[in-house]
There are 2 protein chains.
Amino acid sequence: MGYSIGQVAKKTGLTTHTLRFYEKSGLLPFIKKSSSGVRVFSDEDLNWLSIIECLKDTGMPLKGIKQYIDWSAEGDKTLEKRLKMFEQHKLDIDKKIAQLEKNKNRIEYKIGLYKRAVKVGSLEKVLQEERCKK
Amino acid sequence: MGYSIGQVAKKTGLTTHTLRFYEKSGLLPFIKKSSSGVRVFSDEDLNWLSIIECLKDTGMPLKGIKQYIDWSAEGDKTLEKRLKMFEQHKLDIDKKIAQLEKNKNRIEYKIGLYKRAVKVGSLEKVLQEERCKK
DNA sequence: GTAATCCTTGGAGTTAACTCTAAGTCAAGA
DNA sequence: TCTTGACTTAGAGTTAACTCCAAGGATTAC
C-alpha cells in the first residue's frame, strides 16, 4: 500500500529528481514520510501525480497546478474556483488544438510541395507551377 | 519593399529583441543590411518568419528550425531531408493533438464532477456517488 | 541644429522546469 | 560485519527561449 520514490519513478516515467522537485515546489503536499524520513507514496498520491501530468501535458505551468493543489487542500469552499479553473483550461486546450490543426494543414501543404519537388529535382520549379495555378 | 525591425515586430507580434535573437541564432540568414548597418526585412523574410512561427508553435525547438533553414540555404540537394523532416513533424503534431484530446476528455470529466460538487456543496459526496455507479 | 525616436552591438540577466552533485543515512543480504 | 543499493538534504548547474541594458549611431520633425 506504499511506494518508494524509486518505484513511483518507474511507474510514472518521471525521475526521482523530478518527483522531489515537485514536492519541493508544493505539488505533492500529501505525501507521508516514514520514521526514518523516507517518502511513502500512496495510491492517492499516484492519482494526484496523474492529474498533475494531465495538466502539465496540456500546457499548464507548475505555478497554476500548484494553485489547484492548494485550493484542493483548502476543501469545499474553493469548489467554484477549481471549476472555473478547469473550464478556462478546457478553453485553452481547445485553442491549442485548433492552432495545431491549422498549422498541421500548412505542414501538409508543404509536404505536398516537397514531394513534387523531390520528383522534379527542384523546389523552384514547383513553386512556379503553384504561382501559375492562381 | 523593405521593413525596419520595428515594423516587422508590429506585423508579427514578436519583439525587436526576439527578432535580433532569432537572427543571432541563425534563423534569419537572408536579411540584408543597409549601408549604415540597419536591418531591412523583405516580404520573403516575412514568409520565413511565418514558417518559423508555424514550426515553433507546433513544438519544434529553434535548433530543429535552424536545421531546416540551413538545409534550405543549401539548395535542392537537401530536398529529401526537408521532406522527411516535415513528414516526421506532421507525425509529432498528430501525436500531440491525440494526447491533447485525451487529456481534454479527462478535464471535461472533472468539469462534470465539479459542477455537481458545486451544486451539492461537497466534492466528497459526488465522488461517493461515482463509486456507487460502478 | 537639436530633440525625439528609431536603429546598432555585445553581453548580462531572467524564467521555467528540470537535472545533478556531494555528503551522508538506513535496511537487507552474504 | 560489511557491502550494496536505495534513500535523504541543500544547493549548484543546465537548457531553451527569451529579455533587457548600456552606450552609442542615424534619421526625421520642427
Side-chain angles (χ1 to χ4, degrees), chain A residues 1-29 31-42 45-46 48-70 89 92 96 99 103, chain B residues 2-29 31-42 45 48-70 89 92 96 99 103:
Chain A
M1 269 287 56
Y3 313 97
S4 74
I5 197 168
Q7 288 171 320
V8 174
K10 268 186 199 153
K11 266 179 200 282
T12 60
L14 300 168
T15 69
T16 58
H17 297 304
T18 302
L19 286 166
R20 288 201 196 92
F21 168 71
Y22 280 1
E23 196 195 19
K24 199 160 50 171
S25 307
L27 266 56
L28 302 167
I31 292 170
K32 299 276 176 291
K33 297 215 179 169
S34 77
S35 55
S36 56
V38 176
R39 286 174 191 79
V40 181
F41 289 74
S42 68
D45 292 327
L46 291 182
W48 280 111
L49 272 172
S50 169
I51 181 75
I52 286 170
E53 279 306 282
C54 171
L55 293 173
K56 199 192 63 173
D57 288 349
T58 46
M60 185 179 289
L62 298 191
K63 231 187 211 178
I65 300 176
K66 179 171 163 30
Q67 177 65 271
Y68 164 65
I69 301 281
D70 289 347
H89 191 53
D92 293 347
K96 224 164 260 189
Q99 223 217 343
N103 282 321
Chain B
Y3 313 95
S4 76
I5 196 168
Q7 288 171 320
V8 173
K10 268 187 199 153
K11 265 180 201 283
T12 59
L14 300 167
T15 68
T16 57
H17 297 304
T18 302
L19 287 167
R20 287 200 199 93
F21 168 72
Y22 280 1
E23 196 195 18
K24 198 160 48 173
S25 306
L27 265 57
L28 302 168
I31 291 170
K32 299 275 177 293
K33 296 216 180 168
S34 78
S35 56
S36 56
V38 176
R39 284 173 193 80
V40 182
F41 289 74
S42 68
D45 293 326
W48 280 110
L49 273 171
S50 168
I51 182 73
I52 286 170
E53 278 306 281
C54 171
L55 293 172
K56 199 192 61 173
D57 288 349
T58 47
M60 184 179 289
L62 298 191
K63 231 187 211 179
I65 300 176
K66 178 171 164 32
Q67 177 65 270
Y68 164 65
I69 300 281
D70 289 347
H89 191 53
D92 293 347
K96 223 164 259 188
Q99 223 216 343
N103 283 321

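Worth saying up front: this structure is predicted, and the values here are computed from it rather than measured. Proteins come first, then strands; the chains are lettered A, B, ... in the order of their sequence lines, and each starts at number 1.
A sub-4.0 Å separation between OP1 or OP2 of dC7(C) and a side-chain N or O of Arg39(B) is absent. Contact between the side-chain N/O atoms of Ser4(A) and the OP1/OP2 oxygens of dC7(D) is found at a separation under 4.0 Å. For dT9(D), one of the phosphate oxygens OP1 or OP2 lies less than 4.0 angstrom from a side-chain nitrogen or oxygen of Lys33(A).
Atom-to-atom, CD1 of Ile65(A) to C1' of dC18(C) comes out at 14 Å; the value is rounded to the nearest Å. Regarding Lys63(B), its NZ atom lies at a distance of 17 Å from the C1' atom of dC18(D), rounded to whole Å. Distance, Ile52(B) CD1 to dA17(D) C1': 14 Å, rounded to whole Å. In this structure, Asp57(A) places its CG atom 12 Å from P of dA17(C), rounding to the nearest Å. Counting to the nearest Å, the P atom of dC7(C) and the NZ atom of Lys32(B) are 19 Å from each other. Summarising the geometry, the separation between CD on Glu53(B) and C1' on dC18(D) is reported as 13 Å, rounded to the nearest angstrom. Following rounding to the nearest Å, Leu19(A) (CG) and dT9(D) (P) show an atom-to-atom distance of 13 Å. Residue Ile5(B) contributes atom CD1, which lies 13 Å from atom P of dC6(C) at whole-angstrom precision.
The shortest non-hydrogen separation linking Leu19(B) to Ala9(B) is CD1-N, 3.8 Å. The two atoms that bring Phe41(B) and Ile5(B) nearest to each other are CE1-CA, 3.8 Å, heavy atoms only. Heavy atoms only, all atoms of each residue included: Lys96(A) and Thr58(A) are closest at NZ-O, 3.2 Å.
In this structure, of dC26(C), dT8(C), dC18(C), it is dC18(C) that holds the atom nearest to the side chain of Phe21(A). Relative to the side chain of Tyr22(B), the nucleotides dC7(D), dC18(C), dC18(D) differ in distance, and dC18(D) lies closest. Of the candidate nucleotides dT21(C), dC7(C), dT19(D), dT21(C) has the atom nearest to the side chain of His17(A).
For the pair Asp45(B) (side chain) and Ser42(B) (backbone), a donor-acceptor distance under 3.5 Å is present. Looking only at distances, a side-chain donor or acceptor of Ser34(B) sits under 3.5 Å from a matching main-chain atom of Ser36(B).
Between Ser36(B) and Lys24(B), the residue anchored nearer the 5' end of DNA chain C, judged by the nucleotide with its closest heavy atom, is Ser36(B). Comparing Ser35(B) and Val40(A) by the nucleotide of DNA chain D that holds the closest heavy atom to each, the one mapping nearer the 5' end is Val40(A).
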